[in-house]
Enquirer: 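Sharing a structure here in structure tokens format.
Side-chain atoms are counted along with the backbone in the values below, which use heavy atoms only and exclude waters and symmetry mates. Throughout, residue positions are numbered sequentially from 1 according to the sequence presented.
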Amino acid sequence: ENPLHKAQCLVNALGSQEQYTDKEEVVLWMNTVGPYHNRQETYKYFSLPFCVGTKKTISHYHETLGEALQGVELEFSGLDIKFKDEVMQTTYCEIELDKAKRDAFVYAIKNHYWYQMYIDDLPIWGIVGEADENGEDHYLWTYKKLEIGFNGNRIVDVNLTSEGKVKLVPNTRIAMSYSVKWKKSDVKFEDRFDKYLDPSFFQHRIHWFSIFNSFMMVIFLVGLVSMILMRTLRKDYARYSKEEEMDDMDRDLGDEYGWKQVHGDVFRPSSHPMIFSSLIGSGCQIFSVSFIVIVVAMIEDLYTERGSMLSTAIFVYAATSPVNGYFGGSLYAKQGGRRWIKQMFIGAFLIPAMVCGTAFFINFIAMYYHASRAIPFGTMVAVCCICLFVILPLNLVGTILGRNLSGQPNFPCRVNAVPRPIPEKKWFMEPAVIVCLGGILPFGSIFIEMYFIFTSFWAYKIYYVYGFMMLVLVILCIVTVCVTIVCTYFLLNAEDYRWQWTSFLSAASTAVYVYMYSFYYYFFKTKMYGLFQTSFYFGYMAVFSTSLGIMCGAVGYVGTSAFVRKIYTNVKID
């Protein structure tokens, strides 16, 4: 058991595993307050001029790194609540409503502010107040009516009813009150978060249909790719075998074209091998993180603990750093790269620099707004320490292993000393066109799932159907590999051997379509507004889209690389 749970027995909210005895203290934590339509624009609860209860204050804390990064600001409410001890309506404090305080409340009510609280890790939401039909008079809810369900000696349910509507008039006193009612519940402790889930939304027939549709697309694509490539390659092999039997003059007069003609250049190192290998290593790491986190989320209900998903992702990302080093380092060595230390640094800090750079930029805006999303300095230092003292050394280990175990350029064909000139081809066979078109099918396979993921993050839904997400990840990888293999085959048949970047970018272009969809989602599916929420949305959507693109690019390249190696291994080369 976590020692924190033992050390702070007086604060039962530290762990939802707590079992209570009769009349033992139950803590009501006040978390954040903010506009309903801007989920990420949150402020400390007491940034509004609410008053605090009379009970002795318990200092607030950040339980995890994930909580600190997500802007969780737990502060003690001061309300006296004891397990199974009912409280009739009791005034716990009074607000001296001067003009400044009234203006603050009026602004909050006009912007539909609501607040979040926690009892024993169970979230509770309440609205600050409401305006009349004309929007002239504004009213504050002053009475918190708590109804807490218990099963044995554990809390399994919490409900809040806001009552006591009081008109906001300057230079008056407003009494804030609360009551607590305890009721026996049949809900099991492990099922207490089920009420926050929305099966009718996430398990809607559209969700099932989208998975089925994507699955059928995979079967169709795999069948199509297999049929086209096997038939075409069989004809190619037959033609090339026939050419082996010709004499030199017949072969010179013959119609030589196709992918075999570039065998001396197809394994030539890519342009900018340092950046390319770093991107492939980072993409392999992102895939590993995605796969592991989804598996963990399928086994453990990560949504039941604040910040646990983000904490898990950070831990898994740090732990999988050797994957980045191994794939990036071995590829750079195969391409004849000499400055492997520089490549290791680029690979190690490529994703962290992108994420931290975006986070720090948004952090300045959050600090200007005095939002709870402003990342504390101590948390910034902790993240930097993880990068320097965990991610970098593990990346170094992976790079050394990759260079020594699979860093030899064991290509099936020799690379010519002089690059072969690339012949002219039709416009639709140009790498730029292939790159633009390559991401359409992978995006189509995840289009519906993107809506559900966006809604769970940017709206008030808890995502819990990780089995769906795992299926979508597998489907995305298969579709991406199939599409990039077809793109690469057409490129090589046009005697263009620049397949490495083309295979990576044609798969990575999925990110462009995802980011374009995020614009549609913002303007037509949400009611977000303001500089802070808009910069937060588009900043982190850029990070998400770029990470997805790097992952798809790496998956596409790895699959295509295996395909290219296979077809050139089976061909007799003079």
Enquirer: Under 3.5 Å, is there a donor-acceptor pair between the Lys195 and Asn159 side chains?
Expert: yes
Enquirer: Checking side-chain polar atoms at under 3.5 Å, does Ser288 have a donor or acceptor matched by the opposite partner on Tyr317?
Expert: no
Enquirer: For Asp22, look at atom CG and say whether over 12 heavy atoms of other residues, nucleotides or ligands are found less than 6.0 Å away.
Expert: yes
Enquirer: Indicate every side-chain donor-acceptor pair of residues 358-371 with a distance under 3.5 Å to a residue at least two apart or in another chain.
Expert:
unit_1, atom_1, unit_2, atom_2, d
Thr358, OG1, Met354, O, 2.9
Asn363, OD1, Ile375, N, 2.5

Enquirer: State yes or no: are the ring centers of Phe193 and Tyr196 separated by less than 6.0 Å?
Expert: yes
Enquirer: For the aromatic rings, using the six-membered ring if either is Trp, is the centroid distance between Phe452 and His207 under 6.0 Å?
Expert: yes
Enquirer: Aromatic contact between Phe50 and Phe46, with the criterion being ring centroids under 6.0 Å apart: yes or no?
Expert: no
Enquirer: So do Cys356 and Cys384 have their SG atoms closer than 2.5 Å?
Expert: no
Enquirer: Taking the six-membered ring for Trp and the full ring for Phe, Tyr or His, determine whether the centres of Trp29 and Tyr45 are under 6.0 Å apart.
Expert: no
Enquirer: Report yes or no: do Ser179 and Gln89 form a side-chain donor-acceptor pair below 3.5 Å?
Expert: no
Enquirer: For Trp125, look at atom CH2 and say whether over 12 heavy atoms of other residues, nucleotides or ligands are found less than 6.0 Å away.
Expert: yes
Enquirer: Verify whether one side chain among Tyr20 and Asp120 offers a donor that lies under 3.5 Å from an acceptor in the other.
Expert: yes
Enquirer: Will you find, in the side chains of Thr21 and Glu24, an N or O donor that is under 3.5 Å from an N or O acceptor?
Expert: yes
Enquirer: Scan the side chains in residues 465-480 for donor-acceptor partners under 3.5 Å anywhere in the protein, sequence neighbours excluded, and list what turns up.
Expert:
unit_1, atom_1, unit_2, atom_2, d
Tyr466, OH, Tyr463, O, 3.4
Thr480, OG1, Leu476, O, 2.6

Enquirer: For atom CD of Glu163, decide whether the heavy atoms of other residues, nucleotides or ligands shown that lie under 6.0 angstrom number more than 12.
Expert: yes
Enquirer: Mind listing the closest non-hydrogen atom pair of Val289 and Ala313 along with its distance?
Expert: CG1-O, 4.3 Å
Enquirer: Do Lys525 and Phe519 meet the cation-pi criteria used here (NZ or CZ under 6.0 Å from the six-membered ring centre, within 45° of the axis)?
Expert: no
Enquirer: On the 0 to 90° scale, with breaks at 30° and 60°, tag the Trp458-Phe536 ring pair as parallel, tilted or perpendicular.
Expert: perpendicular
Enquirer: Looking at Phe457 versus Tyr540, is the centre-to-centre ring distance below 6.0 Å?
Expert: no
Enquirer: Verify the distance criterion only: is there a donor paired with an acceptor across the side chains of Tyr529 and Asn111 at less than 3.5 Å?
Expert: yes
Enquirer: Are Tyr513 and Tyr517 close enough that their ring centers fall under 6.0 Å?
Expert: no
Enquirer: For residues Tyr92 and Lys144, report the shortest heavy-atom separation together with the two atoms involved.
Expert: OH-NZ, 3.4 Å
Enquirer: If you apply the rule side-chain hydrogen bond (donor to acceptor under 3.5 Å, both in side chains), what do you find for Thr32 with Ser372, and how did you get there?
Expert: CA-CA 7 Å; Thr32 51; Ser372 67; 5.3 Å; no
Enquirer: Please report whether the ring centroid of Phe538 lies less than 6.0 Å from that of Tyr522.
Expert: yes
